Amino acid sequence: MDFSRRRTGFLLSIALFQVLLIVQVAVAQTSNDERRQRHSEGYCAMYDICGERSDGKVVNCPYGSPAVKPDELLSSKIQSLCPTITGNVCCTKAQFDTLQSQVQQAIPFLVGCPACLRNFLNLFCELTCSPNQSLFINVTSISKIKNNSTVDGIDFFITDDFGEGLYESCKDVKFGTMNTRALEFIGAGAKNFKEWFAFIGRRAPNNMPGSPYAIQFLPTVPESSGMKPMNVSTYSCRDVSLGCSCGDCPSSPVCSNTAISTSNKAATCSVQIGSLKAKCVDLALAILYIVLVSMFFGWGVFHRTRKRSRSFRMKPFTDAAEGGESHSLSRQKADNLPMQRLEDANQSSTGVQLSVVQGYMSDFYRKYGLWVARHPTLVLSLSVGMVLVLCLGLVRFKVETRPEKLWVGPGSKAAEEKRFFDSNLAPFYRIEQLILATIPDVLNGKSPSIVTEENIKLLFEIQKKIDGIRANYSGSMISLTDICMKPMGEDCATQSVIQYFKMDPNYDADDRLEHVNYCFQHYTSAESCMSAFKAPVDPSTVLGGFSGSNYTEASAFIVTYPVNNALDKEGNETQKAVAWEKAFVQLAKDELLPMVQSRNLTFSFSSESSIEEELKRESTADAITILISYLVMFAYISLTLGDTPRLSSFYISSKVLLGLSGVLLVMLSVLGSVGFFSAIGVKSTLIIMEVIPFLVLAVGVDNMCILVHSVKRQPLDLPLEGRISNALVEVGPSITLASLSEVFVFAVGSFIPMPACRVFSMFAALAVLLDFLLQVTAFVSLIVFDFLRAEGRRVDCFPCIKASSTYAESEKGIGGRKPGLLARYMKEVHAPILNLWGVKIIVVAVFVAFALASIALSTRIEPGLEQKIVLPQDSYLQGYFNNVSEYLRIGPPLYFVVKNYNYSSESIDTNKLCSISQCNSDSLLNEIARASLTPESSYIAKPAASWLDDFLVWLSPEAFGCCRKFTNGSYCPPDDQPPCCSPNDTACGLSEVCKDCTTCFRHSDLHNDRPSTAQFREKLPWFLDALPSADCSKGGHGAYTSSVEVTGYESGIIKASSFRTYHTPLNKQIDYVNSMRAARKFASRVSDSLKMEIFPYSVFYMFFEQYLDIWKTALINLAIAIGAVFIVCLVITCSLWTSAIILLVLAMILVDLMGVMAILGIQLNAVSVVNLVMSVGIVVEFCVHITHAFSVSSGNRNERVKEALGTMGASVFSGITLTKLVGVLVLCFSKTEVFVVYYFQMYLALVLLGFLHGLVFLPVVLSMVGPLSRCIQVEKQDERPSVSSQP
């Protein structure tokens, strides 16, 4: 009934209108026969235009009339746009022109997929011009415009099959400029055809795009109405003849045959044992451990049983069993090998058969020790003077603070690609960013939405303060508008929610909250939601903390200010930006932070230069901590170098002055190293100046303690020069071995490609070498002076003051007292416990277990270096990085750069790249679109924005509103742009200026829809200068201005061009590494397939390239370091077995250290690799001194272990372990987490592991399978010259 009444009213209004115009009234009859005739073939439901809304949109007449035969010109125009409509039509020329102008806005979005475009045009062609219009169109409401009746609402009856076919053909069509689907713009992101129809049918408010009247799409017609739904055949995008690309139609048959990109995540082998799931490597190592322990236990039982049985039968020979072979071999070479002679307690003479190298070293140190003791002043002056000469290079001292110079090697592939990108396209813009977030609820932990009226108002207040920043640079005041990126040439491309209000706090919106929520859903289609810089603003770039597309749940506002970047980092443009950034950070700290926090929100911020500035601050933040560490080590050195404190003699026996002198020598060696490299032009880093002195001090202190303790162990009846000589003979070879190993190991670090770590290793290697040379020269001279001072009863630190003679009478001499408590513990308690067979089994089992477990754990170490670890713990960037990983919902931009693209018509490169009709199914852009379907492995979030696709569409005759020319052949812009349309016009129609503009090309001008070389060359600059607008959204200005290098393109070769997409959100360091690896793997595969040079580029690649092969770098450098130690040991000791044992212990310490890294969550990066390499040199000292003492001791293996621990165990513990330990412990108070993690934690683990292996595991191994003794018995001569008398 309602339908009948509405229809009757409609007909009466028509009748009244026609009476007033004095036309035939027969058409207005309301009989049933006439009604049926109205909904019949060849009859129109609305014909001609009867009015114009206030915003310029024209409205049809609600007249039912027979279809009209158009003239030949109109018929040809209709055929060109609507090939399914022939004969009579239901549209006038004005109606068709309106149709054409409206659909031309949508054509550029869909022309890449002909099937979709054809279906979309058929929908509107049938609605406007179909001769059978009345069969599926029913006018439901009429309005008056200037007393004329006009259509205000219609029912459009259409089958679901057509709607489904239309949607399926268009749902995946891309709009490359925005890296999104075309339906986001022309369908408001519709998820099905009903949602799309609802969007199309919505009556558009004034000055908004859309239909001027309401359209209700219905699938079924009223009964007995004589109507039937429109059901024009739809085209499937799978139809190969229509040529939809794989990116626009993934279900196309030509696409399904192309292999999907394989996952980048390596499959991990695992084994299920009941409810326990274990990795294959873990299971293999567990089995290996069981086998090794079983074999070891079996061998031990067999060995003990055999030894006991032999002890009953061969009692007289057991004492000689350990050394017999050694004696026979020794005697063969006794005549031609140098000998070291010592006296035992029974006055029997023993000799130590040394290797050739050790023999020469012993002879050298014996003679050298005598010479130094006799000429201490000369040696001290010469050695210190030579190092002071090196220090002169400090006049050229420079510090490198630029991150790209610190962490990126000169031969870096990523650095080379960045240089190519920056110089040929454009440097990636600088980013200034603010993040405002709500505080999570205490009870449920959920953060409330930040999208409120008050918070939007707060954004405007913040923006006002940002706009008010004026930074002084060379006398000129710099504001944001002076440096910001302006893609359209006028407004800054600020990414903020308030862009939905055109950045205008007075924007006319009845309800701000309602408007912004509307824009979240219609940001691509609603003109009122367009930004001030004339581009859509994706909510995912300005909001954070939401799931899916639930933007209203967002708990964070993200405000980003893109700022122009420049190639010259020292130029004016960059310095202007840096000056503004400093003012920006200061404003954020002083004003914005309190303002936001007062609203119960969190606030974080960052500028492009923030990291560099904070790194500079970090370099001085721990100066006090480092200084305290040095003082603690100095105090310990002074204490451990002296004798056991006694109230009556401590002021003489103490070694404070000697310790201070030793520390000064360490500092001098560091300054000499820095001076030398500064002189040859190598820049230093502030972190080097903090760490290397500590490192050299930790290494150098060991040798100081060992030298002093060795002198104090010498017999008092020898003169001082004899004690010095004997001490150097005793410990000189092992000190040389350890120091040379350290130098070689540190030098290995110079092969690491990261500049900061390479320079660090170079400085450290030279500093350790200079420190060693100063120790055996200057420090030995200082020992001579100090012992002369003590023997002369002069007070420490005040050598001019002489003590009373009671001290000399109470002491028999300085040094040479009975062994200290620690030495007695080592010899009388520690060694006997380790010699117990049960203890040996436990020690070996435990250490081997931890080594194998560490191998398993090391596979879990992740590459990377968290940025917030490198910064001071009180840095404002700490909160910023936390918020970035928590709130950002889109990853960094990713560019695929094509080098030397040949666009000539003779080349097929165009079809190898593009993704529209006629493009190759395996083209670059189709492959990118396909990879974006598996973001979990490809790390590609979206199809790429393609300047090439948009250029080809822009050229296409179908996009008749885009590429146009005046009659003189010059470029004609779209009708809604000047000069065709004045900026002051509210609506633009066909202007006099542009009425004669024609499309650039007809189909016949193109070859397979591709331009010729000359056409491409001529029109590319037009495209790149064309502004996008409603009539042609494909203009390349702004979106693609920097995507094509046009310099020299006239030759037919475009040197560089880029296609932009985005990575998925990257929250962890491993995500950055894997995303880069995936992008490179993808680009390599596509390059090989297309025979073109393509590489991926993202702004972070340069800093993460090192992690792609960090494991390879680490293992190679560690292998070289251990190999260097092995060779040095082999050359000096001439013992393969001794070198092998040292190699085994070093390898176990390294493996255990990596296991500790995995337990503590320490990542693998250049810093930790350098630490691992340096640890080889550091832990050498835990091994070589004990091993050397063991090799020169006599007796069986257990006795030799006891002797080695008695002589060197105390020195290793007090002089090596504790000196490092006290210095390392202070670093835990560092304000910079990188010191805490990579220096305190790693060095502490290193010292403890070195101590346990050197004083527990190594003695056990030596007692079981140690090398044969080098001691031999020699006949004691009646007379021999004293050491002091030797020349």
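Here the structure is a predicted model, which means the values were calculated and not measured.
- For E1045 (side chain) and L425 (main-chain N/O), no donor-acceptor pair under 3.5 Å exists by modelled atom type.
- Of the candidates Y939, Y1072, F1100, H1063 forms a ring pair (Phe, Tyr, Trp, His ring centres under 6.0 Å) with just one, namely F1100.
- With F605 as the partner, the ring pair (Phe, Tyr, Trp, His ring centres under 6.0 Å) test is satisfied by one option alone out of Y880, Y876, F584, Y561: Y876.
- Of the N and O atoms on the side chains of E553 and S449, not one donor lies less than 3.5 Å from an acceptor on the other residue.
- The pair R430-E581 counts as a salt bridge, with a side-chain nitrogen and a carboxylate oxygen less than 4.0 angstrom apart.
- Side chain of Q499 to backbone of T494: a donor-acceptor contact under 3.5 angstrom is found.
- Between I558 and L543 there is no side-chain heavy-atom pair separated by less than 4.5 Å.
- Judged by distance alone, with hydrogens and angles left aside, the side-chain atoms of E195 form a donor-acceptor pair with the main-chain N or O of K191 at under 3.5 Å.
- Of the listed residues (F421, F1059, F428, F896), just one forms a ring pair (Phe, Tyr, Trp, His ring centres under 6.0 Å) with Y1097, and that residue is F421.
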- Evaluate salt bridge (charged side-chain N to carboxylate O under 4.0 Å, His left out) for K446 paired with D441, printing each intermediate quantity in order. CA-CA 5 Å; K446 185 178 180 181; D441 186 87; over 6 Å; no

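- Of the possible donor and acceptor atoms, none in the side chain of W954 sits under 3.5 Å from a partner among the backbone N and O of G1036.
- Although no hydrogens or angles enter the test, the distance criterion places a donor-acceptor pair under 3.5 Å between the side chain of S1098 and the main chain of P893.
- The closest donor-acceptor contact from the side chain of D1031 to the backbone of P974 lies at 3.5 Å or more, if one exists at all.
- D538 and K942 are joined by a salt bridge, as a carboxylate oxygen and a charged side-chain nitrogen come within less than 4.0 angstrom of each other.
- Under a 3.5 Å cut-off, the side chain of N424 and the backbone N or O of F420 do form a donor-acceptor pair.
- Between the N517 side chain and the L513 main chain, a donor and an acceptor come within less than 3.5 Å of each other.
- Residues K174 and S915 have side chains in contact (heavy-atom distance under 4.5 Å, counting atoms from C-beta outward).
- Looking at F501, F520, Y500 one by one, the single match for ring pair (Phe, Tyr, Trp, His ring centres under 6.0 Å) with H515 turns out to be F501.
- Using a 4.0 Å cut-off between charged side-chain N and carboxylate O, E454 and R599 make no salt bridge.
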